[in-house]
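Reviewing the structure listed below.
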Amino acid sequence: MAAMYEAEAKKGEIYELKAELNSDKRDRKKEAVKKVIASMTVGKDVSQLFPDVVNCMQTDNLELKKLVYLYLMNYAKTQPEMAILAVNTFAKDCNDPNPLIRALAVRTMGCIRVDKITEHLCEPLRKCLKDEDPYVRKTAAVCVAKLYDINQQLVDDQGFLDMLRDLLSDSNPMVVANAVAALSEIAEQSPHAKVFDLNGPTINKLLTALNECTEWGQVFILDAIANYSPRDDKEAQSICERITPRLAHANAAVVLSAVKVLMKFLELIDQHSEFVQNLHRKLAPPLVTLLSAEPEIQYVALRNINLIVQKRPDILKNEMKVFFVKYNDPIYVKLEKLDIMIRLTNATNIAQVLAELKEYATEVDVDFVRKSVRAIGRCAIKVEQSAERCVSTLIDLIQTKVNYVVQEAIVVIKDIFRKYPNKYESIIATLCENLDSLDEPEARASMIWIIGEYAERIDNADELLEGFLDGFKDENSQVQLQLLTAIVKLFLKKPTETPQELVTRVLTLVTQETDNPDLRDRGYIYWRLLSTDPKAAKEVVLAEKPLISEETDLLEPTLLDELICHIGTLASVYHKPPNAFVEGRHALKKNLPLRPGVDGGDEDETTGQDIMSTNHQQPQVVIGANVGSLIDDFDILGPMPNTSHPTTNIGGQTQPRAPSAVPNLLDDELSSILATDTNIGGAQTPQSLPIMNLTTTTTMTTSLPTTQPTKSGNLLDDLFDDLNLGGTGSGLLYSNTNTFALPKEIWLSAQKGKGLEVSGTFARRNNQIVMELDITNKALQTMTDFALQLNRNSFGLTPAQPLQVTSPLFPNQNVSTQLILNTSGPIMKMDPLTNLQVAIKNNVDVFYFACAVPIHVYFTPDNEMDKMAFVQTWQEIPESNEIKHQLQNVNGLSIEDLQNKLRLNNIHTVTRTIIEQKEMLYQTMKLTNGIVILVELKITPGNRTIAFSLKTKIPDVANLIVHAYELILSSN
């Protein structure tokens with residue numbers, strides 16, 4: 001009953017609004033539209049009133065017209081047929097005497113993303129771009145960018161880009177600024193097209209307009225100038241002089257944009273010139289002034305200053321006091337100031353800085369205190385003269401017995417020991433007094449490292465390490481790794497004093513009772529070294545360590561240069577390139593221009609311009625979420641390591657390695673465990689071991705007189721070995737020439753093709769993607785002049801050669817052909833990703849059809865990855881990107897056959913091992929666009945169900961990969 005009353009009330013409300021909208025009284029009509037907009041704003045569906053609201057457009061009242069236009073923008077997508085009714089009013093309003101109404105009309109038409117409206121927008125937009133009123137022209141300029149986003153081809157055909165470029169010479173600075181903004185937006189969407197070609201005269205016009213623009217207009221113009229490459233240092237100096245006054249602007253965005261331009265152009269000017277020194281002095285005050293603003297702006301300024309200080313520390317070298325922390329600063333500002341303080345620290349100001357840091361270490365904010373203590377350690381590493389004073393300060397802080405202070409102090413003292421070996425070891429006794437208070441993994445790991453590194457100086461080192469070993473299984477992996485190494489160090493330094501049971505216990509724990517592959521691998525390596533060649537073990541484990549660098553957290557130089565080009569944007573706050581957090585928009589990587597004297601070869605003309613970020617082998621691609629955007633360069637993963645090496649053929653017989661002359665320091669029990677054979681079905685041949693290149697996954701096996709493949713029977717080799725991948729053992733023979741291909745299916749029926757029938761499939765033959773076609777003439781006439789073209793697609797597939805078809809093709813004749821494809825064509829995201837749109841032409845007509853390219857066809861043969869890279873990449877990918885699935889081994893394949901079958905399709909097995917009596921296969925594949933996929937297969941003996949886990953940084957491809965595995969495993 002309540003629902004019925006509610007429906008009646010709703011019906012009544014719509015009915016009343018409809019009546020008011022059709023009222024003759026203007027005020028009543030305006031109030032009705034306001035009610036409609038209010039209902040729309042809170043989420044109520046008022047689309048039923050569309051025709052009544054559209055009728056209200058016929059008015060001279062600007063306020064009412066704005067409200068109606070707002071309603072139109074919201075509902076035009078859902079009511080495209082009704083939206084056409086408004087076209088005539090739009091066209092009429094574009095000729096209205098009032099410039100505000102003309103601008104409002106063209107702005108609204110640009111916001112309505114309906115194709116039929118867009119078609120009618122061209123003529124009004126052309127008129128508005130040449131309108132006598134600058135307000136209309138600047139609105140029309142932005143509308144061109146909106147239209148380009150909807151229909152690029154239409155903008156090109158109508159010549160709007162040329163008209164937009166003409167507006168750069170407009171007499172009104174705001175029109176110029178909007179034209180620059182529109183062209184910059186368009187250039188970003190089409191990075192390969194020369195949409196916004198900057199030259200000397202254009203830059204001069206922009207600089208002239210700069211002085212009279214609004215603050216946001218100035219930001220647009222400065223960002224555009226930042227992409228310009230001056231012809232020489234004189235031009236760079238001239239532009240810098242004209243931009244320098246912007247540093248005094250009240251708006252922080254304008255200041256940062258000006259700083260960005262100056263930082264880029266400074267690269268082109270002689271670094272020792274007086275001009276550069278003067279500019280450094282002029283850059284400091286505006287940056288300091290930004291720190292007197294609100295905390296949020298302070299934080300943004302500090303993040304940008306952090307980049308500037310790393311690139312040019314001289315600019316703020318005399319401004320240390322500005323970065324001293326205030327008591328009422330938010331924590332995020334405090335931490336950032338602290339970071340910059342350390343970067344500016346030198347021998348002249350170290351005393352001042354240390355006094356500040358010691359004061360900060362007594363604050364109540366735990367995070368800030370931790371960072372302050374670490375900062376003291378960084379000062380010691382950076383300024384050698386202050387190291388002793390810093391260590392003394394840290395010991396004072398440890399004496400306070402404040403838990404988190406003690407733990408941070410121990411962490412940084414470990415770094416000081418690394419930087420200054422054999423200098424401050426007298427404090428170790430003080431550190432050992434605080435062992436019981438350590439509960440954080442990093443502090444425990446640091447203390448264990450100190451004990452292991454200086455074991456010969458600590459009488460009870462074995463007792464201390466044994467205390468840590470009691471709770472080994474509950475420790476963090478970082479602590480476990482450090483404890484393993486420390487005990488081995490202790491054993492090598494004091495072999496006669498160290499209980500052998502301690503070493504046996506830790507090696508047994510890490511090799512037999514842990515699932516951590518890093519820990520297990522290190523344990524096997526230490527065990528093998530200790531059992532075969534203790535001298536080599538000493539050389540490896542106790543090798544002299546390189547000194548740690550002064551600045552361990554500096555950004556990588558090329559990344560820093562790129563971020564300098566993004567000062568004043570979100571990238572400079574995140575300290576990440578744009579394509580690391582915005583998908584599908586920034587296909588181009590920005591670099592600083594080359595300095596004079598740096599050999600730029602023939603590329604000097606493009607210096608300072610955006611350059612394409614590509615891999616040497618294949619462009620890396622990320623799939624953007626926005627509709628219609630090109631698939632951009634996939635820089636999230638960074639350049640993929642080329643781990644593919646040619647296989648080395650080893651001729652003749654390799655002699656087995658002679659046993660070590662050094663006696664085995666470990667007992668027979670350890671040796672027997674190491675000699676345990678875990679090879680499934682393999683024969684034990686301890687005299688001949690596989691030669692493993694640990695940086696790749698290529699196994700080179702020594703020649704044996706027998707034809708049966710052999711295994712070493714060694715845990716370490718079994719762990720890393722790929723178990724005869726590509727060997728001559730039982731099962732499928734390895735060959736990567738041809739991959740699995742689906743049966744041909746009809747893509748174009750004879751009914752739709754006017755007698756032409758096309759069926760086909762895709763496969764990889766000889767490491768090339770091939771479209772295999774059957775073309776049949778079922779018409780009564782002869783067919784000739786065949787040609788085929790592919791539309792833009794997700795992976796850039798394009799024919800590598802013309803279609804070869806026997807011509808003429810007589811009635812009822814069939815011909816089979818293959819078309820080799822490459823992936824160098826234009827890219828556009830398709831839905832689904834594997835969709836491919838094809839046009840085939842003959843003398844009869846042009847026919848269109850769509851087909852799906854199986855994802856496994858895009859798997860490249862150069863996808864090998866070493867084990868450590870696999871583990872690191874798996875850990876870097878967030879858990880949210882992991883896909884779990886159950887596969888069915890329908891053909892009952894053995895492990896070897898399954899590996900080889902997948903390898904035939906360019907799915908590479910990184911390693912194979914046994915965990916909890918289950919076979920584990922770790923596999924990788926790489927798509928032609930650089931996307932890497934990691935897979936874990938868990939196979940239970942006797943069970944045809946395979947547990948499948950997948951990780952990739954681009955989740956869009958995950959389900960396609962699962963389907964590919966299902967197809968490959970089910971194929972005969």
Side-chain angles (χ1 to χ4, degrees), residues 137-138 140-142 144-146 148-149 160-231 235-236 238-247 249 251 253-268 562-572 578 585-593 605-611:
R137 293 200 299 275
K138 82 178 185 68
V142 176
V144 174
K146 291 178 180 177
Y148 191 86
D149 190 46
F160 287 141
L161 290 179
D162 292 330
M163 297 178 74
L164 206 51
R165 294 186 194 102
D166 292 340
L167 291 182
L168 295 175
S169 306
D170 199 277
S171 57
N172 187 286
M174 270 314 301
V175 177
V176 175
N178 278 24
V180 168
L183 285 168
S184 299
E185 179 74 19
I186 292 169
E188 192 176 292
Q189 290 184 47
S190 302
H192 302 293
K194 286 192 175 182
V195 175
F196 196 7
D197 191 14
L198 291 169
N199 52 44
T202 304
I203 290 294
N204 193 46
K205 291 172 188 173
L206 297 185
L207 288 169
T208 303
L210 186 63
N211 298 324
E212 303 173 39
C213 277
T214 63
E215 50 197 19
W216 298 115
Q218 291 181 39
V219 171
F220 288 133
I221 291 176
L222 287 167
D223 287 348
I225 293 172
N227 293 324
Y228 175 60
S229 180
R231 293 186 298 273
E235 187 183 11
S238 173
I239 294 173
C240 287
E241 286 173 352
R242 296 179 69 176
I243 284 174
T244 304
R246 299 299 104 205
L247 294 173
H249 202 283
N251 188 302
V254 176
V255 174
L256 288 175
S257 292
V259 169
K260 172 170 60 181
V261 178
L262 295 173
M263 288 291 291
K264 286 190 73 173
F265 288 3
L266 273 172
E267 296 294 309
L268 299 169
E562 184 180 356
L563 293 177
I564 292 291
C565 298
H566 291 290
I567 283 177
T569 69
L570 207 54
S572 66
R585 294 296 289 172
H586 293 268
L588 295 179
K589 180 179 176 182
K590 294 184 177 182
N591 272 4
L592 286 179
E605 293 179 6
T606 59
T607 302
Q609 299 288 346
D610 293 347
I611 61 172

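Bear in mind that the values here come from a model prediction, so they are computed numbers and not experimental data.
For the atom pair E562 CD and H566 NE2, the distance stands at 5.0 Å (nearest 0.5 Å). Separation of atoms CG (N178) and CH2 (W216) is listed at 14.0 Å; rounding is to 0.5 Å. A distance of 4.0 Å separates CD of Q218 from NE2 of H249, quoted to the nearest 0.5 Å. Within the model, atoms CG of L262 and CG of L247 stand 5.5 Å from one another, a figure rounded to the nearest 0.5 Å. To the nearest 0.5 Å, the span separating CG on L210 from CZ on R242 amounts to 9.0 Å. In this structure, CD1 in I186 is found 5.5 Å from CG in L164, a value given to the nearest 0.5 Å.
Across all non-hydrogen atoms, the minimal contact from A258 to L222 is N-CD1, 3.8 Å. Between E235 and G200 the shortest heavy-atom distance is OE2-CA, 4.2 Å. The two atoms that bring T244 and C240 nearest to each other are OG1-O, 2.5 Å, heavy atoms only. S184 approaches A224 most closely through the heavy-atom pair OG-CB, 4.3 Å. Minimum heavy-atom separation, A145 to Q189: O-NE2, 4.4 Å. D223 and N227 make their closest contact through O-ND2, 3.5 Å (heavy atoms, listed as atom of the first residue, atom of the second, distance).
Counted within 6.0 Å of CZ on F265, heavy atoms from surrounding residues, nucleotides or ligands total more than 12; the atom is thus considered enclosed.
If you check the side chains of Y148 and S190, you find a donor sitting under 3.5 Å from an acceptor. Side-chain polar atoms of N251 and R246 form no donor-acceptor pair below 3.5 angstrom.
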Given the rule in the side-chain hydrogen bond (donor to acceptor under 3.5 Å, both in side chains) test, do R231 and N199 qualify, once you have shown the distances and angles that lead to the verdict? CA-CA 9 Å; R231 293 186 298 273; N199 52 44; over 6 Å; no
Is there a side chain to side chain contact (heavy atoms under 4.5 Å, CB included) between L256 and T569? Walk through the geometry before answering. CA-CA 9 Å; L256 288 175; T569 69; over 6 Å; no
Show the numbers, then the answer: is there a side chain to side chain contact (heavy atoms under 4.5 Å, CB included) between R137 and N172? CA-CA 10 Å; R137 293 200 299 275; N172 187 286; 4.2 Å; yes
Decide yes or no on side chain to side chain contact (heavy atoms under 4.5 Å, CB included) for C565 and K264, but give the supporting numbers first. CA-CA 7 Å; C565 298; K264 286 190 73 173; 3.8 Å; yes
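Looking at T202, its side chain never comes within 3.5 Å of a backbone N or O of L198 through a donor-acceptor pair. Looking only at distances, no side-chain donor or acceptor of S257 sits under 3.5 Å from a matching main-chain atom of V254. With E212 contributing its side chain and P173 its backbone, the two residues share no donor-acceptor pair below 3.5 Å.
We find that K205 and D170 are not joined by a salt bridge, their nearest charged nitrogen and carboxylate oxygen being 4.0 Å or further apart. Contact check on D162 versus R165 returns a salt bridge, with a Lys/Arg side-chain nitrogen under 4.0 Å from an Asp/Glu carboxylate oxygen.
Screening I221, T208, I239 for a side-chain contact (heavy atoms from CB on, under 4.5 Å) involving I203 leaves a single residue, I239.
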